[in-house]
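Right, one structure below, let's go through it.
In the text below, chain A, chain B and the rest are named by the order of the sequence lines, each starting its count at 1. Values reported hereafter were calculated over all heavy atoms of this structure, with side chains retained and with hydrogens, waters and symmetry mates removed.
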Number of protein chains: 2
Amino acid sequence: MRIGELAARTGVSAKTIRYYEDIGLLPPPEREPNGYRDYGEDAVDRLRFIRDAQATGLTLTEIASILELREEGQPTCEHVAELLEQHLKDLDVQIATLQATRDHLATLTERARRLDPATCTDPVRCQTIAEATDLRVARRVAQPQAHRHS
Amino acid sequence: MRIGELAARTGVSAKTIRYYEDIGLLPPPEREPNGYRDYGEDAVDRLRFIRDAQATGLTLTEIASILELREEGQPTCEHVAELLEQHLKDLDVQIATLQATRDHLATLTERARRLDPATCTDPVRCQTIAEATDLRVARRVAQPQAHRHS
DNA sequence: CTACACCTTCCATCCGGCTGGAATGTCAAG
DNA sequence: CTTGACATTCCAGCCGGATGGAAGGTGTAG
């Protein structure tokens, strides 16, 4: 498939896909005779894996190492294994923190809800927040396959 | 207390504390006659809250809005409440995703561990990863109060 | 033919979140 | 008094992770 289709199917922009290739996160795909990139099904999996791993807080560089390990079935390096184990520990901590902060936020939310919502004095700020929220959701939540596709 | 002590007690650098003040995340503290910032105990709480909230994926701008809500007991804006509720939903999704990816990574880790660790061929990369790991831990995990304090 | 969607590369820019460093001030200890 | 640790402001730069846009090639449909 071409880059556009891959983008549509993963929710990752063509721009970003090329960028991932540049930084070594995606292997250079075959090219059609005209020079267009030609991806196989595996690229879809790989991109989804990247998105998920990214959502857990791994950097793109770290993800690249993991993918190397995954694809070669080879230990590129002892440190990759350590990285993974460390990250697992981090994840457990993070999950716990999330739960705790979730509760904290829940309290605040309740309070917010009990107060008069008509006193919005700063529409600019509000707008900013609304946008930020959208962005955050878009960038962090793993898209199954459907997406608002401009 | 002065900025240095606050930094030591929270694990947030003095530099970063001033930066937070600049962007409105921390209220400008009192000043000693000599101009030095003079913080109260609440600053410690506030910084810890910021770190936790940040660990859940909120941006600093979003955190600023929440803190405003928290401190004024006022609904700055309807959208802040929406932000919080949305974020709670996000958190639940995120926690689930983390668990799932955690398992995925655990599998990879096991695989990594079963393979020969002696074949490390790319020390530069390894170094990078090691550093990245340190950074990641430092920046994301909420410090209780102890920390490796350069 | 030409319009149009789609692809290519390349280079610049943006954003969030810091961080470094210069130039200067304050103050307690030796 | 000077030295040293700490503080101040201000401005520049960095990193990760993209994103924008120019300038151009391709290929099918009308």
Inset, instruction - Please tell me which of B/Pro33 and B/Thr16 maps to the more 5' nucleotide of DNA chain C, matching each residue to the nucleotide holding its nearest heavy atom. - result: B/Thr16
Inset, instruction - By nearest nucleotide on DNA chain C, pick out whichever of B/Arg2 and A/Ala14 is the more 5' one. - result: A/Ala14
Legend entry - Side-chain donor/acceptor of B/Asp38 to backbone N/O of B/Met1, under 3.5 Å: yes
Legend entry - Any A/Arg37 side-chain N or O less than 4.0 Å from OP1/OP2 of C/dT9: yes
Starting at atom [atom1] of [X], determine the distance to atom [atom2] of [N], rounded to an integer number of angstrom.
| X | N | atom1 | atom2 | value |
| --- | --- | --- | --- | --- |
| B/Tyr19 | C/dG16 | OH | P | 8 Å |
| B/Ile17 | C/dC18 | CD1 | C1' | 13 Å |
| B/Tyr20 | C/dG16 | OH | P | 14 Å |
| A/Tyr39 | C/dC7 | OH | P | 10 Å |
| B/Leu26 | C/dC18 | CG | P | 12 Å |
| A/Arg31 | C/dC7 | CZ | P | 12 Å |

Legend entry - Salt bridge A/Arg37-A/Glu21, side-chain N to carboxylate O under 4.0 Å: yes
Inset, instruction - Quick one: label A/Leu60 by what it contacts on the DNA or RNA (base, sugar-phosphate, nothing), any heavy atom closer than 4.0 Å. - result: sugar-phosphate
Inset, instruction - For A/Arg18, answer base if it contacts any base atom (sugar-phosphate contacts may also be present), sugar-phosphate if it contacts only those atoms, and nothing otherwise; contact means non-hydrogen atoms under 4.0 Å. - result: base
Least distance between heavy atoms, [X] atom then [Y] atom:
| X | Y | answer |
| --- | --- | --- |
| B/Ala64 | B/Gly24 | CB-O, 4.4 Å |
| B/Ile63 | B/Gln54 | CD1-N, 3.6 Å |
| B/Arg2 | B/Tyr39 | C-CD1, 4.3 Å |
| B/Ser13 | B/Ala7 | C-CB, 4.1 Å |

At a cut-off of 3.5 Å, list every protein nitrogen or oxygen paired with a nitrogen or oxygen from nucleotides 22-25 of chain C, distance to 0.1 Å.
from: C/dG25; atom 1: N2; to: B/Tyr36; atom 2: OH; distance (Å): 2.5

Legend entry - Outermost DNA chain D nucleotides near chain B [under 4.0 Å, heavy atoms]: D/dC6 to D/dT9
Inset, instruction - Spell out, yes or no, whether B/Tyr19 and B/Leu58 are grouped together once hydrophobic residues are joined by side-chain heavy atoms under 4.5 Å, including indirect joins. - result: yes
Legend entry - Student check: side-chain heavy atoms of A/Arg51 and A/Thr10 closer than 4.5 Å: no
Legend entry - Qualifying residue, where the test is side-chain contact (heavy atoms from CB on, under 4.5 Å) with B/Ile17 and the options are B/Leu25, B/Val12, B/Asp22: B/Val12
